[in-house]
Amino acid sequence: MTRPGAPLGIAEGFATAWSAGVASGLPMVMALDTSNLKPLAEAIRRAEPDRPLVFFADNDHHLTARPTPLPNVGLEKAKAAAEAVGHARVIAPPLDPARHAAGQGTDWNDHHRTHGMAATRDAIAAALRIGAAQTAVGSGPDQDVPERPAQAQRARQEQSSPQEPPMTDRKIHKAKAEIRQERQREVDVWRDREEAGRAARQAEKPRGTQGIASPDERSGPKPGARQRQAPDA
């Protein structure tokens, strides 16, 4: 932040911001959540209208692969924030096959922990170079966002293919609710199995108790107890 006009990085969480900052050498700002990316970028833009912004977006590729596909919230929210403020770029880590198979997305901290800092530094540098080259020729999905929102809107209107609308807070809440429901179902299944096992154990008769007389039966009549006499013949 001490260099006027130098690019400023934005990431969702602390770990992602730390890995991206170390790998890129850029000062970083943490948004905490996808819903705060746009308000944070707008606040920065009001304070520094000319500062370039780089969104180190999470790649939530696992959401699009669900039986009921959901948008890639990390990437969509970062793109929406970049388009809103202009003079910004969005870069996301490549899909990690192992995490994708496990139903997880990939952020820059995941890339750092899997491939190491050197590989993450090279991947970020390559993404920034590709974005700059695509901006120079005016094409490519990762090019810089136009300088101002009005220009960005015109650029979207000129595209022939319809674009998927940005991720909304309602869709985010829906995605989080589905995740909570899946976890609750897992807890319910585990609880049902525990209760069934407990009932089976309680219903099972203890071993080794059959054919054993009770203490009262073994000891005979208690001392002092009156004995019933047989009637006289």
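Fair warning: this is a prediction, and the values are worked out from it, not measured in the lab.
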Nearest 0.5 Å please: distance from the [atom1] atom of [X] over to the [atom2] atom of [Y].
| X | Y | atom1 | atom2 | result |
| --- | --- | --- | --- | --- |
| Met28 | Ser19 | CE | OG | 9.5 Å |
| Arg45 | Asp50 | CZ | CG | 7.5 Å |
| Glu48 | His87 | CD | NE2 | 11.0 Å |
| Ile10 | Met30 | CD1 | CE | 12.5 Å |
| His111 | Met117 | NE2 | CE | 11.0 Å |
| Leu37 | Lys77 | CG | NZ | 8.0 Å |

Are Leu53 and Leu40 connected in the hydrophobic side-chain network, where two residues link if heavy atoms are under 4.5 Å apart?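 Looking at the clustering, Leu40 is in the same group as Leu53.
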Let me check something: do Ile44 and Val85 share a hydrophobic cluster, defined by ILVMFWY side-chain heavy atoms less than 4.5 Å apart, either directly or through other members?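 They do share one cluster, since a chain of ILVMFWY contacts under 4.5 Å joins Ile44 to Val85.
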Do you know which two heavy atoms are closest between [X] and [Y], and how far apart they sit?
| X | Y | result |
| --- | --- | --- |
| Gly9 | Phe56 | CA-CE1, 3.9 Å |
| Pro71 | Glu76 | CB-CG, 4.4 Å |
| Val90 | Ala78 | CG2-O, 3.7 Å |
| Asn72 | Asp60 | OD1-N, 2.8 Å |
| Ala88 | Phe55 | CB-CE1, 3.8 Å |
| Arg99 | Thr106 | CD-OG1, 4.0 Å |

List the steps and the verdict of side chain to side chain contact (heavy atoms under 4.5 Å, CB included) for Leu32 and Glu12. CA-CA 5 Å; Leu32 293 178; Glu12 288 184 33; over 6 Å; no
Side-chain donor or acceptor of Asp110 paired with backbone N/O of Asp107 under 3.5 Å: yes
Donor-acceptor contact present, side-chain Arg129 to main-chain Ile124, <3.5 Å: no
By the ring pair (Phe, Tyr, Trp, His ring centres under 6.0 Å) test, which pairs, at least two apart or in different chains, include something from residues 11-41? Trp18-His112
Any residue meeting side chain to side chain contact (heavy atoms under 4.5 Å, CB included) with Asp33, in chain and number order, not counting sequence neighbours: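 By the side chain to side chain contact (heavy atoms under 4.5 Å, CB included) rule, Asp33 matches Ser35, Lys176.
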Please enumerate all residues that pass side chain to side chain contact (heavy atoms under 4.5 Å, CB included) together with Ala92, with sequence neighbours excluded.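 Scan of Ala92 (side chain to side chain contact (heavy atoms under 4.5 Å, CB included), adjacent residues dropped) gives Ala57, Asn59, Leu75.
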Is the closest side-chain heavy-atom distance between Leu8 and Val54 below 4.5 Å? no
